Amino acid sequence: MENKIENNASFKGLIPFLVFILLYLGTGIFLNMQGVELAFYQLPGPVAAFAGIVVAFIIFRGTITEKFNTFLEGCGHPDIITMCIIYLLAGAFAIVSKAMGGVDSTVNLGITYIPPHYIAVGLFVIGAFISTATGTSVGAIVALGPIAVGLGEKSGVPMPLILAAVMGGAMFGDNLSVISDTTIAATKTQGVEMRDKFRINSYIALPAAILTIILLFIFARPDVVPEAVSHDYNLLKVLPYVFVLVMALVGVNVFVVLSSGVLLSGIIGFIYGDFTLLSYGKEIYNGFTNMTEIFVLSLLTGGMAQMVTREGGIDWVIKTVQKFIVGKKSAKLGIGLLVSLADIAVANNTVAILITGGISKKISENNEIDLRESAAFLDIFSCVFQGMIPYGAQMLILLGFAAGKVSPTQLIPLLWYQLLLAIFTIIYIFVPQISSKTLNIIDRKLIINNLK
């Protein structure tokens with residue numbers, strides 16, 4: 001049945017989203033005051049979203065059947081379903097590759113060849129590669145954190161600087177990885193290709209990364225050079241990560257890329273006896289289940305967003321924001337501000353993108369902003385703040401490895417990569433020549449690739 005409720009701008013339409021955010025945020029603040037570890041991650045996001053959906057069913061106009069049809073329309077939107085399937089495949093690839101020893105080999109390869117004089121630089125680069133290859137900043141931090149703390153204690157490099165290098169590298173990959181849930185959410189909510197978003201994003205992120213490396217070269221020289229140690233690694237086990245990255249950038253369909261990556265990691269695991277056929281299947285399923293929360297959250301927020309849109313909540317936000325927009329520059333900055341505030345509120349960059357993605361797309365369309373840029377801005381600004389907020393999972397886990405020796409106030413001023421990424425993004429926004437030149441380069445590459 002077609003829903004006949006008119007889409008008039010209304011603050012009332014926004015209430016379910018506010019319930020979702022305030023419940024999620026309020027629970028985190030309350031538990032944090034009680035001293036609960038990882039307080040902002042104790043209430044699963046889908047539960048908070050479900051509460052918002054219940055409120056929508058109670059306060060919105062129309063029959064139960066009409067509202068339920070609207071909800072299902074949002075859940076079953078092709079972009080939402082596509083995003084969910086990609087999540088499952090990305091989870092399977094990450095878990096299977098880790099189970100066959102890919103992460104350990106990657107870390108050991110990097111640690112073996114880090115020049116002892118440049119520990120912080122090496123940790124940044126390794127963290128960037130691991131997070132780009134695996135699509136998770138938390139995974140990179142968990143893999144590198146204990147090693148970084150040990151190297152920091154031996155070298156005399158200030159521990160906050162060592163940890164900041166790890167955090168910067170981890171957030172670099174979280175932002176750029178083609179299998180990161182933030183990238184998947186950003187590209188699918190804006191309806192653009194991952195390859196195109198990656199290229200725009202990389203023009204902004206690479207200068208920030210290079211400048212960070214230069215600063216680490218200058219300011220993170222060790223007082224005592226640790227002894228160089230060789231670790232066991234296997235180049236073949238690093239191959240799936242390189243394969244997936246290259247294939248995605250070439251423009252191969254993401255489903256083919258991730259499925260091939262799962263298969264390649266499985267074959268390598270079989271060769272080295274890491275898997276039996278049965279255990280391989282179990283690892284794939286473990287990868288699926290690791291994505292359960294974000295999978296369910298995407299479905300629920302998709303349904304809620306459709307109800308909120310139909311009731312006029314999204315239009316209300318757009319009209320309110322539009323009052324402060326005087327052109328493309330302020331519109332782009334507005335998109336960044338929206339997702340930044342959402343991430344500060346919910347302490348989860350993927351959730352922040354899911355909340356603000358639909359609004360950002362409409363703002364972009366209303367102000368003739370290239371949707372590839374809006375996808376990049378969503379990912380960049382959410383990752384900048386996710387890597388800086390003291391109550392984010394990344395910060396809490398990383399500081400946990402330091403066992404109380406480093407506080408957030410010591411670490412945040414040294415998060416050079418995140419700060420530089422924000423600065424370079426703002427420069428990109430306010431210097432239109434950079435934006436137009438970047439888009440022209442990307443468009444030319446697309447034309448050449450299509451001709452081939």
Side-chain angles (χ1 to χ4, degrees), residues 40-41 45 79-80 82-91 93-94 127-128 130-141 167-202 204-205 208-209 244-245 248 254 258 290-291 293-295 297-298 301-302 335-336 338-361 371-389 392-395 397 417-418 421-422 425:
F40 283 82
Y41 295 85
D79 286 344
I80 296 293
T82 300
M83 186 162 51
C84 289
I85 300 302
I86 293 172
Y87 283 142
L88 294 181
L89 291 174
F93 172 70
I130 293 173
S131 57
T132 303
T134 62
T136 166
S137 53
V138 170
I141 288 168
M167 179 70 86
M171 297 316 297
F172 174 90
D174 194 316
N175 174 216
L176 276 180
S177 175
V178 293
I179 63 169
S180 166
D181 49 5
T182 59
T183 295
I184 295 167
T187 54
K188 292 306 171 185
T189 58
Q190 304 308 292
V192 300
E193 295 294 327
M194 291 185 186
R195 172 187 59 182
D196 297 336
K197 176 264 180 189
F198 177 91
R199 286 172 174 168
I200 290 175
N201 207 154
S202 64
I204 301 170
V244 164
L245 181 61
V254 65
L258 291 173
N290 269 14
M291 290 294 186
E293 182 172 338
I294 193 63
F295 182 100
L297 181 62
S298 296
T301 54
I335 291 170
L338 279 174
V339 75
S340 299
L341 292 174
D343 185 73
I344 291 169
V346 301
N348 186 307
N349 44 349
T350 306
V351 175
I353 292 170
L354 290 172
I355 291 171
T356 58
I359 300 170
S360 298
K361 185 176 183 181
L371 291 174
R372 295 172 294 183
E373 290 186 317
S374 62
F377 297 148
L378 284 171
D379 206 343
I380 288 172
F381 280 103
S382 65
C383 283
V384 165
F385 283 93
Q386 186 63 28
M388 297 181 74
I389 52 177
Q394 290 83 352
M395 183 76 76
I397 292 170
Y417 173 70
Q418 288 90 312
L421 181 60
T425 307

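Keep in mind that this is a model prediction, so the values were computed, not measured.
Contact detail for V178 and T183: the closest heavy-atom pair is CA-CG2, 4.3 Å. Residues I184 and A90 share a closest heavy-atom pair of CD1-CB, 4.3 Å. Scanning both residues, A140 and G127, for their nearest heavy atoms gives CB-O, 4.0 Å. Smallest separation of non-hydrogen atoms from Y87 and M291: O-CG, 3.1 Å. The nearest pair of heavy atoms linking G168 to Y417 is O-CD2, 3.5 Å. The two residues S137 and A170 come nearest to each other via the heavy atoms CB-O, 3.5 Å.
Partners of S298 according to the side chain to side chain donor-acceptor pair (under 3.5 Å) rule, which considers only residues two or more places apart in sequence or in another chain, do not exist here. Looking at residues two or more places apart in sequence or on another chain, you find no side chain to side chain donor-acceptor pair (under 3.5 Å) involving T132. Residues satisfying the side chain to side chain contact (heavy atoms under 4.5 Å, CB included) criterion with A128, sequence neighbours excluded, are F172.
Of the listed residues (L176, I204, I200, V339), just one forms a side chain to side chain contact (heavy atoms under 4.5 Å, CB included) with I380, and that residue is I204.
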Original post:
Should C383 and D379 be marked as a side chain to side chain contact (heavy atoms under 4.5 Å, CB included) after you check the CA-CA gap, both sets of side-chain angles, and the distance that decides it?
Top reply: CA-CA 6 Å; C383 283; D379 206 343; 3.4 Å; yes
**OP:** Before giving the answer on side chain to side chain contact (heavy atoms under 4.5 Å, CB included), spell out for M388 and M171 the whole-Å C-alpha distance, their side-chain angles and the decisive distance to 0.1 Å.
**Re:** CA-CA 10 Å; M388 297 181 74; M171 297 316 297; over 6 Å; no
Subject >> Candidate pair E193 and T187, rule side chain to side chain contact (heavy atoms under 4.5 Å, CB included), full reasoning >> reply: CA-CA 6 Å; E193 295 294 327; T187 54; over 6 Å; no
**OP:** Carefully, step by step, assess T189 and K361 under the rule side chain to side chain contact (heavy atoms under 4.5 Å, CB included).
**Re:** CA-CA 7 Å; T189 58; K361 185 176 183 181; over 6 Å; no
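The shortest side-chain heavy-atom distance between N175 and N349 does not fall under the 4.5 Å cut-off.
Atom CG in L341 sits 8.0 Å away from atom CZ in F385 (nearest 0.5 Å). Distance check: Q418 CD to M167 CE gives 6.5 Å after rounding to the nearest 0.5 Å. Rounding to the nearest 0.5 Å gives a distance of 11.5 Å between CG of D343 and CG of L378. If you take CD1 on I85 and CG on L89, they are separated by 7.0 Å, rounding to the nearest 0.5 Å. Annotation: the span from T134 atom OG1 to I179 atom CD1 amounts to 6.5 Å, rounded to 0.5 Å. I335 CD1 to F381 CZ: the interatomic distance, rounded to the nearest 0.5 Å, is 9.5 Å.
Between the side chain of Q190 and the backbone N or O of S374 there is no donor-acceptor pair closer than 3.5 Å. At least one donor-acceptor pair under 3.5 Å links the side chain of Q386 to the backbone N or O of N348.
A side-chain donor from one of S180 and T182 sits under 3.5 Å from a side-chain acceptor of the other. T350 and D181 are linked by a side-chain donor-acceptor pair at a separation below 3.5 angstrom, with hydrogens and angles left out of the test. A donor-acceptor contact closer than 3.5 angstrom is absent between the side chains of S131 and D174.
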